[in-house]
Amino acid sequence: MTVPFLDLGATYRELRADIDAAVGRVLASGRYLLGPENEAFEAEFAEYCGAEHCVSLGTGLDAIVLTLRALGIGPGDEVIVPSHTFIATWLAVAATGATPVPVEPGEGSHNIDPAAIEAAVSGRTRAIVPVHLYGQPADLDAIDAIADRHGLAVVEDAAQAHGARYRGQRVGSRFAAAFSFYPGKNLGAQGDGGAVVTGDAELAAKLRLLRNYGSTVKYHHEVKGTNSRLDELQAAMLRVKLAHLDEWNARRVAVADRYRSELDGLAGLALPAVPGWAEPVWHLFVVRTADRAGLQERLTAAGVQTLIHYPVAAHRSPAFAELGMAAGSLPRAERLAGEVLSLPMGPHLAAGEVDAVVAAVRAAVTGGRAAA
Ligand SMILES: Cc1ncc(COP(=O)(O)O)c(C=O)c1O
């Protein structure tokens, strides 16, 4: 049996009739941008997140960039980011002209360590962008407390965490959170898409200006905006999928529960830790092992597809060479980049496929050479 890492087409196949109807409705309407589907999706996604406002955008990257820009962040400013994240978090800060200042994850965690943030705050720091990586919420109360002490904005990068809960509340129900609707996300479009949810009416209004050439009245331009809009087709399809998000997240939780119980205690294999206050939505199920290459090779041979999120730490990417951060400067991020391996995960993974993954991992770890 071959177990795919993620079967993207399965979401469409499950909802084919509703998605086709939504697409047909938009095509026939003659409204393709900033129309009623967007308005409805924004209202529905804001309500889902427990936020007052949602502003839909072209990508998740833009959701972070434009929020930082709307807050007036730019050249000369510093923004605290996790050392271990998808590089988009860092690129978003860099796109404003500000400098990303990395903070390491806690021991045994993938997410930013609040206890290490304060030491990274300088007179130039304007914001913290915690990432709910792999669908696991970051420790928001601790981060907000530091931000309050120093007058910083907290912009959550929730690109991987639609529906995740922190102390019972959905991520996105605080000041501002950026979401991505990249196709592989828990709530994914059939193309690119993003949104910001916020409780701040002024921020929402600025984002509406920025996404549409700095204009709300056609050909009247108040600021130097950009073009970053979610199209009506994507909004209509996302509305169909949003109605199924909780059920799909529950199926991911069921897969994760099986991995966590059936792979527990294998020598040399670290499973993701889940703090008591976290209700993750398992965008990814990421294990760690010193023998990552060996484990991946044995799983591939057994027909189990895996991926690495992410093999190169952002500060060691050529894209951030200008920061001059040598190898060894962020040891936890570098170690994670060398050890993480993502197992198949998604709402359409069949029970038999989970059985196959569990059996293959058990065999690969116990039969592996250097796994212990
Ligand atoms: C953590 C994180 N931040 C930001 C992004 C950027 O989102 P997008 O690909 O929609 O621009 C992504 C996803 O790609 C992500 O995983």
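Just follow the structure's listing: the first ligand is 1, and inside any ligand the first atom is 1.
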### Task
Step by step, work out the side-chain contact (heavy atoms from CB on, under 4.5 Å) result for Thr67 and Leu207.
CA-CA 7 Å; Thr67 302; Leu207 287 166; 4.0 Å; yes
### Message
Which of the numbered atoms in ligand 1 are under 4.0 angstrom from any heavy atom belonging to Gly60?
### Response
6 (C), 7 (O), 8 (P), 10 (O), 11 (O)
#### Entry: Polar atom proximity, Leu61 to ligand 1 (N or O, under 3.5 Å)
yes
### Summary
Val131 heavy atoms within 4.0 Å reach ligand 1 at atoms 1 (C)
### Task
Could you say whether the N/O atoms of Leu133 and ligand 1 ever approach to under 3.5 Å?
no
### Summary
atom 14 (O) of ligand 1 has as its nearest protein heavy atom Lys185 NZ, 3.2 Å
### Message
Taking Arg25 first and then Asp20, would you say they form a salt bridge - that is, a charged N and a carboxylate O separated by under 4.0 Å?
### Response
no
### Query
atom 16 (O) of ligand 1: which protein heavy atom is closest, and how many Å away?
Gln160 NE2, 2.8 Å
### Query
Between Phe45 and Phe181, is the gap from one ring center to the other below 6.0 Å?
yes
### Message
List ligand 1 atoms under 4.0 Å from Thr59, heavy atoms only on the residue side.
### Response
10 (O), 11 (O)
### Query
Okay, side chain of Gln234, backbone of Gln190: is any donor-acceptor separation there less than 3.5 Å?
yes
#### Entry: Check: Gln136 side chain, Ala273 main-chain N or O, donor-acceptor pair, under 3.5 Å
yes
### Query
Between the side chains of His84 and Glu104, does any donor sit under 3.5 Å from an acceptor?
no
### Query
Would you say ligand 1 has an N or O under 3.5 Å from any N or O of Tyr182?
no
### Query
Can you list the ligand 1 atoms lying under 4.0 Å from a non-hydrogen atom of Ala159?
2 (C), 3 (N), 4 (C), 5 (C), 12 (C), 15 (C)
### Task
Assess the pair Tyr134 and Trp282: is the distance between their ring centroids shorter than 6.0 Å?
no
### Residues Asp7, Arg13: salt bridge by 4.0 Å N-O rule
yes
### Query
Tell me, which protein residue and heavy-atom name are nearest atom 5 (C) of ligand 1, and how many Å apart are they?
Ala88 CB, 3.6 Å
### Task
Among all protein heavy atoms, pick out the one at the shortest distance from atom 1 (C) of ligand 1; state its residue, atom name and that distance to 0.1 Å.
Asp157 OD2, 3.4 Å
### Query
Which of the listed options, Ala189, Ala161, Ser180, holds the heavy atom that is closest to atom 7 (O) of ligand 1?
Ser180
